[in-house]
Peer 1: 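Please find one structure pasted underneath; my questions will follow.
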2 protein chains.
Amino acid sequence: MGDFAKDINSKFENNRIKAMLNILYTANYITSYQNDFFKTYGLSPQQYNILRILRGAKEPIKVQTIKERMVERAPNLTRLTDKLCDKKLINRIAFPEDRRVVLIEITKSGLALLDKIKPNNPSHNLIDKLTEEEAGRLSDLLDKMR
Amino acid sequence: MGDFAKDINSKFENNRIKAMLNILYTANYITSYQNDFFKTYGLSPQQYNILRILRGAKEPIKVQTIKERMVERAPNLTRLTDKLCDKKLINRIAFPEDRRVVLIEITKSGLALLDKIKPNNPSHNLIDKLTEEEAGRLSDLLDKMR
DNA sequence: AGGAATTAGTTTCCGTGTAACATATATTAT
DNA sequence: ATAATATATGTTACACGGAAACTAATTCCT
């Protein structure tokens, strides 16, 4: 993929600006990669994330609980769960004890889809080019920056 | 802003996964900051970027040229320029020599808006917490990762 | 000159963040 | 205890942005 500066065809005032643009560029690179991957299964990364959480839960859980467990915050789970319902990958269950609450469970076909995806999951090979130690330093620098 | 791992309330398999999530998280942090800033002027970061390119050009330029000079790739400039036209910040000009081409120029009020924004532009103080040398290392690690 | 390939820009589709909203439950004051 | 208020939960409505399909104009090739 070569050098970043050449890719976006621009010059930088200094390393700090360059680093910031590079973060945005790299994040976009990662999400594009993930989008393409999950699209082959008819999912978005967020939808995949929800399915994994539901499988992990092993029982119907509240929408609110899903929200708490998601890596990226997803402000409208309604829409995401709508899509998963349409595809019969999850079910909604009413919760009489608190009628505001909606429980969600994963269906058989949801579990089957996860099984199909598992072997190729890209999260792991996306960043093979860094050593563990380098990855640690990268993360530390990002933490410091904020 | 404290430690990233705590913020998203999750555990990491290893530093590489952690670094990847941290990149996405940090990029989101940056864009949220920028969105909020430019929103006070009724712009998106991309719209601001276009105005700056037009000011720099000092003459009407092709949409295609704008696209090449943008930091982030913007697949549909039509929509962005629509918005800027609505706000009278730019003008579209037909180009008889090649009727596929549309030229864009910045208006007086576009230039005036840029002048208002300039003093507070956040790109500079967003990343003051890193030294030049650290920023350089960060950028190198990101390059290596891709 | 005529058809294929390329280029420029537009339109359309979809996913997502934000904010306003509706409903249900919890809390507080009297 | 009950009415008024506050909080929690999920939904709906709106705007933005990336990707891809599409249209029109130009260039290339023979």
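Letters A, B, ... mirror the listed sequences (proteins, then strands); counts begin at 1. As the structure is a prediction and not an experimental result, all values here were calculated from the model.
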Peer 1: Which nucleotide span of DNA chain C, 5' end to 3' end, has atoms closer than 4.0 Å to non-hydrogen atoms of chain A?
Peer 2: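 Contacts span C:dG15 to C:dT25, reading 5' to 3'.
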Peer 1: What nitrogen or oxygen pairs link the protein and nucleotides 3-8 of chain D at under 3.5 Å?
Peer 2:
unit_1: D:dA8; atom_1: N3; unit_2: A:Arg100; atom_2: NH1; d: 3.3

Peer 1: Using the salt bridge (charged side-chain N to carboxylate O under 4.0 Å, His left out) criterion, which residues pair with B:Glu72? Sequence neighbours excluded.
Peer 2: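 Once residues adjacent in sequence are excluded, B:Glu72 has no partner under the salt bridge (charged side-chain N to carboxylate O under 4.0 Å, His left out) criterion.
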Peer 1: Can you tell me the distance, in whole Å, between the CD1 atom of A:Ile50 and the P atom of D:dG10?
Peer 2: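 For the pair A:Ile50 CD1 and D:dG10 P, the rounded distance is 12 Å.
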Peer 1: Given that B:Val101 and A:Glu97 both sit by DNA chain C, which one's nearest nucleotide is further toward the 5' end?
Peer 2: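 Per heavy-atom nearest nucleotide, the more 5' residue is B:Val101.
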Peer 1: Which residues pass the salt bridge (charged side-chain N to carboxylate O under 4.0 Å, His left out) test with B:Asp140, sequence neighbours left out?
Peer 2: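 Not a single residue meets the salt bridge (charged side-chain N to carboxylate O under 4.0 Å, His left out) criterion with B:Asp140.
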Peer 1: List for me each residue that meets side-chain hydrogen bond (donor to acceptor under 3.5 Å, both in side chains) alongside A:Asp98, sequence neighbours excluded, and say none if there are none.
Peer 2: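 Once residues adjacent in sequence are excluded, the partners of A:Asp98 under the side-chain hydrogen bond (donor to acceptor under 3.5 Å, both in side chains) criterion are A:Arg100.
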Peer 1: Please figure out whether B:Lys62 or A:Gly42 has its closest DNA chain C nucleotide nearer the 5' end.
Peer 2: B:Lys62
Peer 1: Return the set of residues passing salt bridge (charged side-chain N to carboxylate O under 4.0 Å, His left out) with A:Arg79 (not counting sequence neighbours), or none when no residue passes.
Peer 2: none
Peer 1: Strictly under 4.0 angstrom, non-hydrogen atoms only: write out the protein contact profile of nucleotides 16-23 of chain D, one letter per nucleotide from the 5' end, B, S or -.
Peer 2: SBBB----
Peer 1: What do the steps show when you test B:Leu138 against A:Ile23 for side chain to side chain contact (heavy atoms under 4.5 Å, CB included), and what is the final call?
Peer 2: CA-CA 9 Å; B:Leu138 174 56; A:Ile23 291 165; 4.1 Å; yes
Peer 1: Roughly how many Å is it from CG in B:Leu103 to P in D:dA25, rounded to a whole number?
Peer 2: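 Atom-to-atom, B:Leu103 to D:dA25, this comes out as 17 Å.
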Peer 1: Run the salt bridge (charged side-chain N to carboxylate O under 4.0 Å, His left out) test against A:Lys88 and tell me which residues pass, sequence neighbours left out.
Peer 2: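 Applying salt bridge (charged side-chain N to carboxylate O under 4.0 Å, His left out) to A:Lys88 gives none.
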Peer 1: Tell me, please, which residues at least two apart from A:Thr107 pass side-chain hydrogen bond (donor to acceptor under 3.5 Å, both in side chains).
Peer 2: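 Once residues adjacent in sequence are excluded, the partners of A:Thr107 under the side-chain hydrogen bond (donor to acceptor under 3.5 Å, both in side chains) criterion are A:Ser109.
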Peer 1: Go through the structure and list residues passing side chain to side chain contact (heavy atoms under 4.5 Å, CB included) with B:Ala57, not counting sequence neighbours.
Peer 2: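 Result, side chain to side chain contact (heavy atoms under 4.5 Å, CB included) vs B:Ala57: B:Ile61, B:Arg69.
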Peer 1: Who are the side chain to side chain contact (heavy atoms under 4.5 Å, CB included) partners of B:Arg92, not counting sequence neighbours?
Peer 2: B:Thr81, B:Asp82, B:Cys85, B:Val102, B:Ile104
Peer 1: Excluding sequence neighbours, so at least two apart, what forms side chain to side chain contact (heavy atoms under 4.5 Å, CB included) with A:Glu97?
Peer 2: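 If we apply the side chain to side chain contact (heavy atoms under 4.5 Å, CB included) test to A:Glu97, skipping adjacent residues, the hits are A:Phe95.
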